[in-house]
Each structure stands twice: as structure tokens, then as C-alpha cells.
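First the structure, in the form of C-alpha cells, and then the observations on it.
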Amino acid sequence: MNTHQRELSATIDPVKLDRLAEVAVRVGLNLQAGQDLFLTAPVAALPLVRRIAEHAYKAGAGLVTPILSDEEVTLARYRFGPDASFDKAATWLYDGVAKAFAANTARLAIVGDNPMLLAGEDPAKVSRASKANSIAYQPALEKIAGFDINWNIVAYPSTAWAKQVFPNEPEDIAVAKLAEAIFAASRVDKEGAVAAWEAHNATLRRRYDWLNGERFASLHFTGPGTDLMVGLADGHQWQGGASPAKNGVVCNPNIPTEEVFTTPHARRVEGHVSSTKPLSYQGSLIDQIQVRFEAGRIVEAKAVRGEEVLNKVLDTDEGARRLGEVALVPHSSPISKGGILFYNTLFDENASCHIALGQCYSKCFVDGASLTPEQIAAQGGNKSFIHIDWMIGSGEVDIDGVRDDGSRVPVFRKGEWA
Ligand code: ZN
Ligand code: ZN
């Protein structure tokens, strides 16, 4: 962190920042006494890293181990690295991370990197580096996707991200505004944040309990540029808010979160769908996506911006063209109401209904923890190196739940729970 960033971090309310750290540790992770914590963050987020370390040790953490990333170091690779660099990844590090997860270490990620950091770099290099990284990360990612341990993601307003969200404001105002938006969305803008999260988790639970009772065979999305039938996986289970990891710890993986979500059937998605918000993917912006599905597979993909990146992503592996998640978020969610495009999936996915390309969550199956990967695949669960959420909801989208016998139940009307 340089002097400039330190000055800007002075514009961030320290009381709310501390509350965010407390919510991350107590609600997001529900860190257990004696449990170790592995955390990653951009260098700019150091003030939050320090608050989190304090709350973690107060909660009885065994050992807190942070790893910080720096934008200048990332860019140096693209500017000066040899060609062979772009097929490399820190496999040794990820192997250690997977080992730590196997030993019940909790995982916290602070996001807030510049969403456009790699926008000017060679898309082929970006995609090679990302693929190498995904492959190296796979053993650790499987433990996160399989929900073996309690994990959490929170955000910190770095300068470059704040300037992307509020381009017309000077840096200090942009950082202060993004900080307030993050605090409001993360429900730490008022006192009693931990209790507010308990109430919010109860609301989400009522919604997914209803969906689990209905056992829809598919969801039919209709709206401008969208007529999409999303078959749901056999034995799918809806989730949202707090849920128990396989290590028995009930945690909130995402702060904020407004979604209830489940696993679509990888081979039963038909029709076409248009994105309703731009997707910021590893430094590139992909906007106005239009795709067509046949038997669960994307057979046609267009985007007004970032089409090349989109098509490279879809070619990552066989599962990258199929869905691994479908999620419902009312258009009136606090994040949507704020009207801010965050250029960050953690926030933007909670402003809108969305689908995700790639890997499914095994916890979104009835008795998911006891199913083998083969059983999950047989029930329609998708497998891929990627998991990328993009937004398809708006105030104009209707959703019907379709039962096995073809009868329909309104689920959403004009972007709200029906
Ligand atoms: Zn989601
Ligand atoms: Zn997702």
C-alpha cells in the first residue's frame, strides 16, 4: 500500500469497516475456535485484512495467513514476461491451499481488484494464464465448490475499482461512495449488523423452503430477448444465505448475498437468453450477451462487446458451454435499488436473477454431500474448470415454475416474487 492509497483509505468510515470485518468473521465464516484461516486480498485492502485478523484471533483463530496480490506485479507479467510465462501457475501454492482445506482451514477472499486491469492486454495471453491458473486451482476449488469447509468472500473499495464505478468523481469521493455502497449492500451500515444478517438469512430460508417444496421440473424465463427453459437437475435442492459446510460449520459464503439458487440440468436447457448487465470477467468487459441453448449446450454465442473473450471462455472445456447454477434475486433487492453497476459479480449477481456457466455446486442436491461425482453428473450436475455468473434478470422478466405434469406456477412477475 503506497502513501496515496493510505490517504484514500482515510475516507472510509472506520466503524463500518470494522463491522464488515466482524460480519465476515462471525457471519460469513462463522470461524470456530482453534480453526486456521487462509485469506487472500489485494494490497489496497490491507486495512480490512488487519481488522479481519483482529476479529479472527478474538474468535479463537489458530493461525491467520494472508496472501496479498498487487496490480503492478500482475501487469509486469504482461509487459515483460516471456511467452512461456502464460502457461504457468503457482501449482505448489494451490497444492498447499488444498492441503490446508483438507486440514479444516477456513477460507476468506477479499475482492476489490481493478475490474479492467487486463482490458488492454492480449486476450490470448489472458485466456492462457487464466486456464493455467484454473487447472492449478482445481484441487483447492473442488473443496470450495464441494463446500468441504466454511468460506466467505467480502469486498474492499480499491481506488481503481471505485473510479470504474464512479468515473466522474475525484478519487477520494469515488472511494468513499463505493465504500458506502459496499457497506449498505453488506448490511453493515447500521448497528446490530450480526442480528440483521440473522433476520435476512431467515427470509432467504423461507423462499428456498417454498421452492424445495414445489420441486419444479424446470423454470421458464421470458422477457426482452429471452425465452429460456431451464430444466432443473434431478434431486436438485435450493439454497440461499447461511448453510452448513461439510465440516459442520454454518456459514454465509457471500457477503453480500440476496440470491436463492440451485443446480440446473446440464442437458435440459433450451432456448435463448440475453444478458441484462455487463459481465466483468478477469479484467475484460463482456456486454450484451446473447446465447442459444440446445439440449443444455450453448450452440450460438454473441456479445456486442467482448465476444472474443466470451467465445474463448466457452471453449475452456466441454462443461463451459453448459449451466452450473440458476439463481433468483428480486429486482427490488437493495443492491439493485442502489442502481449502481459494480463491475463485480459478487455485487451485480445479487442485483439480478442470473445463471452460471460451468461447475455446479454439489451442495445444491438433496444429500449432495454423499453423492459421488458420477452420481451428480447422472442427475444433471455440470462439471467444468470455470464457474461464471451472468445476469439475466430485470424488472421486465417473468418466471414460471413448470411441474412434471406441465402445469405452471408463477414464481416471478416483472422481476419480483409472484
Ligand atoms: Zn449465484
Ligand atoms: Zn455462481
Side-chain angles (χ1 to χ4, degrees), residues 28 107 109 111 134 137 141-147 151-155 185-186 200-201 203-205 207-208 211 219 221 228 230 232-233 236-243 245 251-266 269 273 275-282 286 289 291 298 313-314 316 319-331 333-336 342-365 368 376 380-394 397 399 411-412 415 417:
R107 164 86 170 105
V111 297
S134 299
Y137 185 43
L141 179 64
E142 267 172 12
K143 293 190 163 56
I144 295 292
F147 211 17
W151 59 270
N152 172 240
I153 308 178
V154 286
S186 307
H200 180 48
N201 278 329
T203 303
L204 292 172
R205 195 178 315 126
R207 293 196 172 126
Y208 68 70
L211 287 162
L219 296 179
F221 289 76
L228 185 72
V230 179
L232 301 180
H236 70 271
Q237 179 158 284
W238 288 89
Q239 303 251 349
S243 54
C251 69
N252 264 86
N254 290 357
I255 302 277
T257 186
E258 302 289 334
E259 60 173 347
V260 295
F261 58 101
T262 195
T263 302
H265 197 295
V269 181
V273 61
S275 66
T276 50
K277 277 172 182 285
L279 163 64
S280 169
Y281 177 69
Q282 299 194 343
I286 309 175
I289 302 169
V291 301
I298 292 178
V313 167
L314 293 175
T316 308
R321 286 182 180 270
R322 297 177 188 272
L323 295 187
E325 179 193 339
V326 58
L328 305 182
V329 179
H331 188 59
S333 91
I335 298 170
S336 174
F342 285 86
Y343 299 94
N344 180 302
T345 302
L346 178 62
F347 290 82
D348 293 326
E349 77 159 350
N350 282 301
S352 168
C353 289
H354 56 271
I355 48 180
L357 301 171
Q359 182 67 41
C360 74
Y361 290 108
S362 59
K363 67 169 181 168
C364 288
F365 285 93
I376 286 173
N382 193 29
K383 190 173 164 55
S384 171
F385 283 126
I386 64 161
H387 177 99
I388 302 170
D389 300 272
W390 51 283
M391 312 326 135
I392 62 167
S394 74
V397 171
I399 306 168
V411 177
F412 267 53
W417 287 94

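By convention here, the first residue in the shown sequence is residue 1. We count ligands from 1, going down the list as the structure has it; atoms in each ligand are counted the same way.
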Answer yes or no for H387: is there an N/O/S atom below the 2.8 Å cut-off from the Zn ion (ligand 2)? yes
Taking both backbone and side chain into account, is any N, O or S atom of E349 nearer than 2.8 Å to the Zn ion (ligand 2)? no
Chi angles and distances behind the side-chain contact (heavy atoms from CB on, under 4.5 Å) call for I376, C360: CA-CA 9 Å; I376 286 173; C360 74; 4.0 Å; yes
Do you know which N/O/S atom name in E325 is closest to the Zn ion (ligand 1)? OE2
Name of whichever N/O/S atom of E259 is nearest to the Zn ion (ligand 1): OE1
When you measure from the side chain of Q359 to the backbone N and O of S384, does any donor-acceptor pair fall under 3.5 Å? yes
Test item: side-chain donor near acceptor, N152 and N254, under 3.5 Å: no
The Zn ion (ligand 2) -> D389, closest N, O or S atom is OD1
Report yes if the distance between the aromatic ring centroids of H354 and F261 is under 6.0 Å, otherwise no. no
Near-ring test F412/W417, centroid separation under 6.0 angstrom: yes
